[in-house]
There are 2 protein chains.
Amino acid sequence: MKRVTISDIAKVCETTKTTVSYVINGKLNKVSPEMVQKVKTAMKELGYVPSHSAKSLAGKGSNLIGVIVPQVDVTQKMIFDNPFYSEFISGIEYYLRNSGYSVVLSVVNRENCFEDMMMKWNLDGAVVFGIDNDEMVKILGNYAVPVLLIDSYITSSNFYRMNLQDEEAAYMATKFLIEEGHKNIAVVTGKVEKSMLLEARLEGYKRALGDSGIAFRQESVFEGDVTYEYGFEAAKKIEEDPDITGILASADIVAFGVINYLQSKGRKIPEEYSVVGFDDTYQAKIMHPKLTTVGQNISKRGEKAGELILNIIMNRQKEKETWMKCEMVVRETTRKLK
Amino acid sequence: MKRVTISDIAKVCETTKTTVSYVINGKLNKVSPEMVQKVKTAMKELGYVPSHSAKSLAGKGSNLIGVIVPQVDVTQKMIFDNPFYSEFISGIEYYLRNSGYSVVLSVVNRENCFEDMMMKWNLDGAVVFGIDNDEMVKILGNYAVPVLLIDSYITSSNFYRMNLQDEEAAYMATKFLIEEGHKNIAVVTGKVEKSMLLEARLEGYKRALGDSGIAFRQESVFEGDVTYEYGFEAAKKIEEDPDITGILASADIVAFGVINYLQSKGRKIPEEYSVVGFDDTYQAKIMHPKLTTVGQNISKRGEKAGELILNIIMNRQKEKETWMKCEMVVRETTRKLK
DNA sequence: ATGAAAGCGCTAACAT
DNA sequence: ATGTTAGCGCTTTCAT
């Protein structure tokens, strides 16, 4: 399968590479309409497919968009252990699918891996998940490549960001639980001091408590990892505290762990515990009982991220920050306390 | 951030690109040991990162491996609606992560999209999911690029394949249900005539029935899509047939739909129905009750696929076919019928 | 052991 | 409107 190049097309059309290149790049004002037709026909006939390597090398874009997931902890070796990523990335891919850009997946562990990605593939843009760390910012700042940060609390004018209103969302969820009659609400979350996102969510929780005149108790906060396993662990301790009736998890996956432990001990949900997740992953809808959660419409967010990074690349995105709202999705794991 | 090229390194080392290239490519017999050291040091100092575009253009590999998921039906717009893909691809990525190769994700809808992928990115290899269609084979056959087919029943010496023993697996699952005392076992699956994989699984089901002297009834076979939604639909009809006590789904995702419908109607699982899935996705373990299913260890398969495609690229993979075994994972959605 | 030079496919500044 | 040409970073053949 010999590659068809622009030279081949030029030959067939009795013209030169330049003209063909112009046609391909839509600089039609530089080429006569007849030639445009001739070239276009020839391209189709010969089955021309551009070489992105060549284009990239010539200093133009690579048409590659990096989707970069930092591997935070060792346990999470698979990216998609947390369905949040699958759904999000799926959304990005879906939006980009017919744009001419492709998605290169990359899970980076060492800081400099990110640099490598940029340089190696000459990325046109990157969507980077959950970076809170300053070192990374410095590295990222060294590149002209547009970067869209997802769920990062870093404020640097170098980047575009797409965030959730985490504080408000957690406030809403807590408030919801309180209005359902819960007074003792546990929070199961990751290491708060390591993540401004988790911190914001905890703040929202505290504010809701405060607004309702409920005292905050540090013992009700369970900090570990944002994993199924930790949810499971935390639930063991929660079970020991007879006062707790409401549970707020910082991710659906954590809620699953919590629920599963409780159910495995014969506890009834929502009869004995009301639990609220965060994310609204696909599973939340298909499990039984269906999970009450803070919905962030993950795949839509993914699509939006695709749209944003494209707009950024095209230089038509002004706003540096995009905030997305969450909404309560009340399903079956919560109930009113009489 | 100016790019550091081999010329820069050459300059620093007072030598030429050629020598540097030799060092990079490990052709150390062509370079003096001192020079090797000098070059290596310079590379580190200057922070050299190779340009894959240039390498690719120069006729060498692109270091890009395409992971190609054909978009079969319109409904399934997101790749990762079926967690099978997320887990599998996650496994591939995990294996490839430190190999120097990167994964380009691509969901193709039109046949020729595959060609485009190949040419555009100058892929070094491709992992392609579920291709049963002959046209595709012709197209794929045109390329020298190594292709690893996942779950494809196409037999063409052009490709490498990694398959499950589907017939045996379905036989095993059916047999299991029979041994648990079930005589009326429904099958919920996709369009069988369109997929040799589904056909094989149905054959296994029939054989198990036959071996146990149970007559096959076409009415017990529900063909639709391999989706949660179809599982949900099919369950409605299953509920109308009072004889059915066992249900075999052709994928976990389908089983989830079935179970959810049944549970939503207040039916008890496994008390009233025993249902068996196929895949053993992550959710199977974390739902309640936990799903009994045919386990194929998806992420391990993904890792294996990564290993295989790498070996194929390196020319050190002899076997064209790799068959993987499935095992019964008995959990909580099935029970012995008294 | 090292170097010079051509070429991979494409773009774009610069002629014509 | 069209053609000429240099150059992007790298590999590799062919000298030296």
Side-chain angles (χ1 to χ4, degrees), chain A residues 1-39 42-43 46-64 100 116 118-124 144, chain B residues 1-39 42-43 46-64 100 116 118-124 144:
Chain A
M1 211 49 183
K2 182 82 190 61
R3 162 156 233 128
V4 178
T5 72
I6 55 170
S7 302
D8 298 328
I9 312 231
K11 215 170 292 162
V12 170
C13 297
E14 296 167 301
T15 178
T16 58
K17 298 193 297 177
T18 313
T19 309
V20 178
S21 176
Y22 283 149
V23 174
I24 290 172
N25 293 293
K27 312 201 172 170
L28 302 182
N29 56 326
K30 313 199 117 198
V31 189
S32 70
E34 307 86 60
M35 196 40 112
V36 172
Q37 262 322 306
K38 217 164 141 188
V39 169
M43 288 202 302
L46 301 186
Y48 170 75
V49 178
S51 157
H52 284 319
S53 310
K55 194 178 154 214
S56 172
L57 189 55
K60 298 299 111 189
S62 62
N63 286 51
L64 237 26
D116 283 11
M118 286 299 206
M119 297 298 260
K120 280 200 297 207
W121 304 119
N122 186 216
L123 299 179
D124 284 354
Chain B
M1 211 48 182
K2 183 78 191 64
R3 163 157 232 126
V4 177
T5 71
I6 54 170
S7 302
D8 297 329
I9 310 222
K11 217 170 293 162
V12 170
C13 298
E14 297 167 300
T15 177
T16 58
K17 299 193 295 176
T18 314
T19 309
V20 177
S21 177
Y22 284 148
V23 174
I24 290 173
N25 294 293
K27 311 201 176 171
L28 302 183
N29 55 327
K30 313 198 117 200
V31 189
S32 70
E34 307 85 59
M35 195 42 114
V36 171
Q37 263 320 307
K38 216 165 143 189
V39 168
M43 289 203 299
L46 301 186
Y48 170 75
V49 178
S51 156
H52 283 321
S53 311
K55 193 176 155 213
S56 170
L57 188 55
K60 296 301 109 185
S62 62
N63 286 53
L64 237 26
D116 284 12
M118 286 298 208
M119 297 299 261
K120 278 200 299 208
W121 302 119
N122 186 217
L123 299 179
D124 283 354

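Sequence lines set the chain letters: A, B, ... in the order given, protein chains first and strands last, and positions in each chain run from 1. These numbers come from the heavy atoms of this one structure, side chains and all, not from hydrogens, waters or symmetry mates. The structure displayed is predicted, hence computed values, not measured ones.
Taking every side-chain heavy atom of A/T18 into account, C/dA12 is the closest of C/dA12, C/dC10, C/dG3.
The nearest whole Å value for the distance from the CZ atom in B/R3 to the P atom in D/dG7 is 19 Å. Atom OH in B/Y22 sits about 8 Å away from atom P in D/dT13, given to the nearest Å. Look at CG on A/N25: it is 6 Å from P on C/dA12, rounded to the nearest Å. In this structure, B/N63 atom CG and D/dG9 atom P are separated by 18 Å, rounded to whole Å. In this structure, the CD1 atom of A/I24 is 12 Å from the P atom of C/dA12, given to the nearest Å. Here C/dT2 presents its P atom at 12 Å from NZ of B/K30, a figure rounded to the nearest Å. Atom NZ in A/K11 sits about 14 Å away from atom P in D/dT4, given to the nearest Å. Atom CG of A/L57 is separated from atom P of C/dG9 by 12 Å (rounded to the nearest Å).
Across all strands shown, A/D8 has no heavy atoms under 4.0 Å from either base or sugar-phosphate atoms. Backbone-only engagement by A/T19 is indicated by non-hydrogen atom pairs under 4.0 Å involving sugar-phosphate atoms exclusively. Within the 4.0 angstrom heavy-atom criterion, only backbone atoms of the sugar-phosphate kind lie near B/T15; the bases stay farther away. Residue-level contact check: B/N122 touches neither bases nor backbone, having no heavy atom under 4.0 Å from any strand. Using a 4.0 Å heavy-atom criterion, one finds that B/S21 contacts the bases of the nucleic acid, with or without backbone contacts as well.
Mapped onto DNA chain C by nearest heavy atom, B/G59 and B/S32 fall at different nucleotides, with B/S32 at the one closer to the 5' end. Between B/E34 and B/K17, it is B/E34 whose nearest contact on DNA chain C lies nearer the 5' terminus.
Checking B/N122 against B/S56 by side-chain atom types alone, a donor-acceptor pair falls below 3.5 Å.
A/R3 places a side-chain N or O within 3.5 Å of a backbone atom of A/P50 that can act as its donor or acceptor partner.
The two residues A/M35 and A/V31 come nearest to each other via the heavy atoms CB-CG1, 3.5 Å. Taking each heavy atom of B/Y48 and B/I9 in turn, the nearest pair found is CB-CD1, 3.7 Å. Residues B/V12 and B/A42 share a closest heavy-atom pair of CG1-CB, 4.3 Å.
Put simply, A/K27 has no side-chain N or O that comes within less than 4.0 Å of OP1 or OP2 on D/dA1. For A/T16, a side-chain nitrogen or oxygen approaches OP1 or OP2 of D/dG3 to under 4.0 Å.
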